[in-house]
Amino acid sequence: MSQRPISAVPRGVLALLALGLAGQIALKASAPPPRAAAEDLGPAPSIAALRLASFGDPVALAKALMLYLQAFDYQSGSKVPYRDLDYGRLEGWLARILELDPRGQYPLLAASRLYAEVPVEAKQRSMLEFIYRQFLLDPNRRWPWLAHATALSKHRLKDLPLARRYAAAIQSHATADDVPLWAKQMEIFILEDMNELQTARIMIGGYIQSGKVKDLAEFRFLNESLKRLEARTVKDGGKAE
């Protein structure tokens, strides 16, 4: 079958083709960029399905899933703000990743440093509670993230009772020798901020008398803190509680 040269096509037809092509280009250029919706983050698969998909290497799969999750706000050239994500589903993914790799720290780092710092209080509180629940599963390794959650509760949310709850959990459950004393003492200084001086004094006295404080600088710091609290109690006439 012979092909006709383009010169044989009527000029009117060529003009229509050119106009149509130009219209398509203009329409494409004027269209808004594709947007990824926050709700596109689906529910996390079951742990059984994930273990099957890991082919015997759950840690590698956990790392890959964490990369996928953290990059979820960049899809099709658009950005979904973290604050718009469905936090119920987000927590489900983080929990699954931790189930695949219980020793992994990155999911809780992202939870405390990224997802818990969005400017939406309800979502902040939800993520802080997620960190607290995960801490209780492995306190001696996961205490740093609850310590950060304590600081967020105190300074960002201005919720001292919540900060005390988290700090008390660290003091009670993070019992390993390598957990630093400052982390175990967070509750004391939150109590001072809450003006519960007598309770703070009792806790500091307990630390001093326990014999667990081996560092001389830490011992002096606690002793000076105790003296400061005693002075405040006298100044307040013993009515601080």
Interatomic spacing from CE in M203 to CD in Q171 - rounded to 0.5 Å = 4.5 Å

Distance from M127 atom CE to L90 atom CG, nearest 0.5 Å?
-> 4.0 Å

Minimum side-chain heavy-atom gap R142-L98 below 4.5 Å | yes

Interatomic distance, CG@L152 vs NE2@H148, rounded to 0.5 Å, equals 4.0 Å

State whether the side chain of R96 and the backbone N or O of P45 hold a donor-acceptor pair below 3.5 Å, judged by distance alone.
-> yes

Name of the residue among L50, D101, I97 meeting side chain to side chain contact (heavy atoms under 4.5 Å, CB included) with L61 | L50

Any side-chain heavy-atom pair from L128 and S153 closer than 4.5 angstrom?
-> yes

Answer yes when E121 and R125 have at least one side-chain N-carboxylate O distance shorter than 4.0 Å, and no when they do not.
-> yes

Got Y106 and K63 here, is their nearest side-chain heavy-atom distance under 4.5 Å?
-> no

Has the side chain of Q124 got a donor or acceptor atom that lies under 3.5 Å from a matching backbone atom of V118?
-> yes

What orientation do F135 and H173 show, parallel under 30°, tilted 30 to 60°, or perpendicular over 60°?
-> perpendicular

Among M194, E192, E187, which residue meets the side chain to side chain contact (heavy atoms under 4.5 Å, CB included) test with I190?
-> M194

Does a side-chain heavy-atom distance below 4.5 Å link Y132 with R165?
-> yes

Report yes if some heavy atom in the side chain of L226 is under 4.5 Å from a heavy atom in the side chain of I204; otherwise report no.
-> yes

Should the pair K227-E230 be classified as a salt bridge under the 4.0 Å nitrogen-to-oxygen rule?
-> no

When rounded to the nearest 0.5 angstrom, what distance separates CD in E129 from CD1 in I131?
-> 10.0 Å

Distance in Å, T175 OG1 paired with W143 CH2, rounded so as to fall on 0.5 Å steps | 13.0 Å

